[in-house]
Amino acid sequence: MSVVKLQNVEKTYILKNEYIPVLKRVNAEFECGKLYAIMGHSGAGKTTLINIIDGIESFNSGHIIINGKDISNMTKFEKALVRNNDIGMIFQDFLLDDYLTAYENVMLPMTINKKFKKRAKERAWELLKEVNLSNRVNHFPKELSGGEKQRVSIARALANDPKILICDEPTGNLDEKNENKIFEILKNLSQMGKCVIIVSHSNEVLKYADIAYELKEGKLIEK
Amino acid sequence: MKNKLIIKSFIRRKIFILYFILSIIIYSTLLVINVTLTNLQENRKKNIYHNSLASLHESNDYYDQLNSNKLIGDVKRVVYFDNLEDKTGRYYFLLDPKIDNRVLVYEDRSLKDDFIDIYLCKKDYSNIENTPYQEDTLSFSFNDTEEEFSFNINKLYKSKHVNSIAVSSKIFAKLLKLNDGYDYTFKLYESETNIKKNIKNVRILTSYTEDEMLISHRINQYITVLIIFDVMMFIIFIIIIFIISNNLINDLNKNINLEYLLGFNNLQISNNILVRLVLLNISSIIIAIIGSFIILSLFKIFIKIDYFLINYYLLGIMIIILIIENMYVVIKSFRRLR
């Protein structure tokens with residue numbers, strides 16, 4: 001069953017009176033239990049696409065259905081709720097709060113989630129254990145390596161048990177060894193039933209992807 | 001709990017510690033200056049009040065208006081005798097040149113009708129205190145009446161101001177009826193110049209001695225310096241608040257973005273910004289108040305501080321400025337959100 005559905009999604013930027021179409025009637029479906037890779041050259045619109053799926057950026061036309069909910073006409077408040085409940089996000093530069101420890105960072109999205117609010121601390125510890133960071137729970141980001149930071153970021157993305165994980169260049173700042181480790185974790189998560197969408201430059205992701213797309217001239221083409 | 005993490009993250013920053021300490025220093029300096037200023041101003045008032053006496057003659061009764069005038073205090077109805085008949089010749093000084101060689105008369109409810117109390121300045125008091133004054137009889141009269149009032153002396157008192165006498169209530173009421181117009185004396189809370197601007201026909205009877213003048217001059221100088229310092233600190237306070245606000249917006253930018261991406265809605269993000277600002281401002285104000293009390297307690301060892309009251313007016317202005325600052329930071333941060 002697809003948890004992310006893109007129906008004729010179009011996005012055009014207007015820069016200095018010039019129309020720059022980034023997404024042209026994009027149609028795609030992403031299912032749980034699969035790992036998707038979205039490739040494309042720099043400036044192809046990969047980040048725009050995932051920002052639109054996250055509800056961070058608006059789009060000009062079409063529909064996006066996240067976990068059965070059409071976000072096309074949602075308010076900012078409703079989109080924020082979808083981001084918190086249904087989507088886990090992983091970023092190239094980790095985006096951790098430097099002044100919170102690993103487990104506090106993982107707890108952060110749970111503080112506004114009704115489901116996990118009460119047992120946020122225990123769940124944060126469990127998730128860090130799952131990504132093999134049980135010995136780093138009380139460490140601050142500056143005390144962690146790049147790979148460890150990204151694993152904290154993955155644990156945080158899983159905090160509210162979302163069905164969808166969206167990863168924007170998750171290994172962009174990591175060496176080869178850590179890159180494979182992160183992809184393995186993400187692969188495992190997809191095998192455990194998550195819908196994992198990875199945007200990446202690295203061809204390494206193709207080893208782990210169930211389905212790979214290329215974003216080319218505003219179209220999402222299956223490889 | 002959601003605010004607990006936000007607070008934890010905020011207070012762990014070096015920049016928070018820096019802003020916190022800076023805010024405490026500014027707030028406590030402002031509060032200490034203001035309390036010191038209040039003390040000096042009150043001391044000046046006391047000094048003026050203690051040393052001053054003014055008189056006023058009016059054709060209409062202004063007693064209530066004078067009593068409600070905050071620049072003056074201790075308003076008393078008085079009358080003046082124009083003539084004194086003194087067989088001993090020792091009491092000539094009761095006809096005081098400061099009041100046109102008349103005798104100033106107050107009311108004393110405890111006195112019997114045929115007795116007076118005499119209030120004399122230090123020099124005149126020492127001339128007469130060892131004489132058998134209880135046996136002396138003094139007679140007083142008005143120029144335009146033939147009625148004469150004779151009294152025995154009940155007691156002598158020292159007075160800081162002009163020489164005067166006190167008569168019983170009954171006599172005093174009679175004198176009031178005979179008096180042409182209404183006479184009052186009162187003490188001053190403000191300088192002579194201010195009083196003269198406020199009350200027409202006022203006549204200053206006593207003010208400072210040279211020493212007192214010097215003290216008063218010094219107090220005035222301190223007050224001027226402190227007012228300048230106070231204004232400067234207030235300007236610095238506003239500048240620092242503005243700098244802190246702008247830096248906070250930049251410092252919190254990453255956090256605001258992160259919260260947005262993690263699914264915090266705009267209201268929750270604004271609330272988080274406010275929590276941080278309120279924490280910074282309220283905690284530093286509370287510590288500044290406690291700190292300024294400690295500093296003033298230490299000052300108290302060296303200088304006289306009677307008034308420990310916080311200047312609520314200043315505190316109110318500071319809080320209004322901080323609320324404006326908070327709103328500015330929230331709105332500006334909010335606009336930066338994607």
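Not measured: the values here are computed from a predicted model. Note on naming: letters A, B, ... go to the chains in the order of the sequence lines (proteins, then strands), and numbering restarts at 1 for each one.
For chain B, the nearby part of Leu96(A) is the backbone; its heavy atoms alone come within less than 4.5 Å. Residue contact with chain A, scored on non-hydrogen atoms closer than 4.5 Å, involves the backbone and the side chain of Leu267(B) alike. Neither the backbone nor the side chain of Asp54(A) comes within contact range of chain B, judged by heavy atoms closer than 4.5 Å.
Residues Leu100(A) and Lys8(B) are in side-chain contact: their nearest non-hydrogen atoms beyond the backbone lie under 4.5 Å apart. Side chains of Asp98(A) and Arg13(B) form no contact here, defined as non-hydrogen atoms less than 4.5 Å apart. At least one side-chain heavy atom of Arg156(A) sits under 4.5 Å from a side-chain heavy atom of Leu258(B).
Counting heavy atoms of neighbouring residues, nucleotides and ligands inside a 6.0 Å radius, atom OH of Tyr328(B) exceeds 12 of them. Heavy atoms from other residues, nucleotides or ligands lying under 6.0 Å from NZ of Lys163(A) number 12 at most. Counting heavy atoms of neighbouring residues, nucleotides and ligands inside a 6.0 Å radius, atom CG of Asn73(A) does not exceed 12 of them. Within 6.0 Å of NZ on Lys254(B) lie more than 12 heavy atoms contributed by other residues, nucleotides or ligands. More than 12 heavy-atom neighbours from other residues, nucleotides or ligands sit within 6.0 angstrom of CZ on Phe20(B). For Lys129(A), the NZ atom counts as loosely surrounded, since its 6.0 Å shell holds 12 or fewer non-hydrogen atoms of other residues, nucleotides or ligands.
In this structure, Met89(A) CE and Leu262(B) CG are separated by 8.0 Å, a value rounded to the nearest 0.5 Å. To the nearest 0.5 angstrom, Tyr99(A) atom OH is 7.5 Å from Lys14(B) atom NZ. To the nearest 0.5 Å, atom CD1 of residue Ile87(A) and atom CG of residue Leu261(B) are 11.0 Å apart. In this structure, CG in Asn257(B) is found 8.0 Å from CD1 in Ile56(A), a value given to the nearest 0.5 Å.
Considering every non-hydrogen atom in both Thr111(A) and Phe264(B), the closest pair reads OG1-CZ, 3.8 Å. The shortest heavy-atom contact between Arg12(B) and Phe140(A) is NH1-CE2, 3.5 Å. Residues Leu5(B) and Met107(A) approach most closely at CD1-CB, 3.8 Å, considering heavy atoms. A pairwise comparison of heavy atoms in Arg83(A) and Tyr260(B) identifies NE-O, 3.0 Å as the closest pair. Taking each heavy atom of Gly263(B) and Ile112(A) in turn, the nearest pair found is O-CD1, 3.5 Å.
Most heavy-atom pairs under 4.5 Å with chain B: of the set Leu95(A), Asn85(A), Asn105(A), Leu81(A), this distinction falls to Leu95(A).
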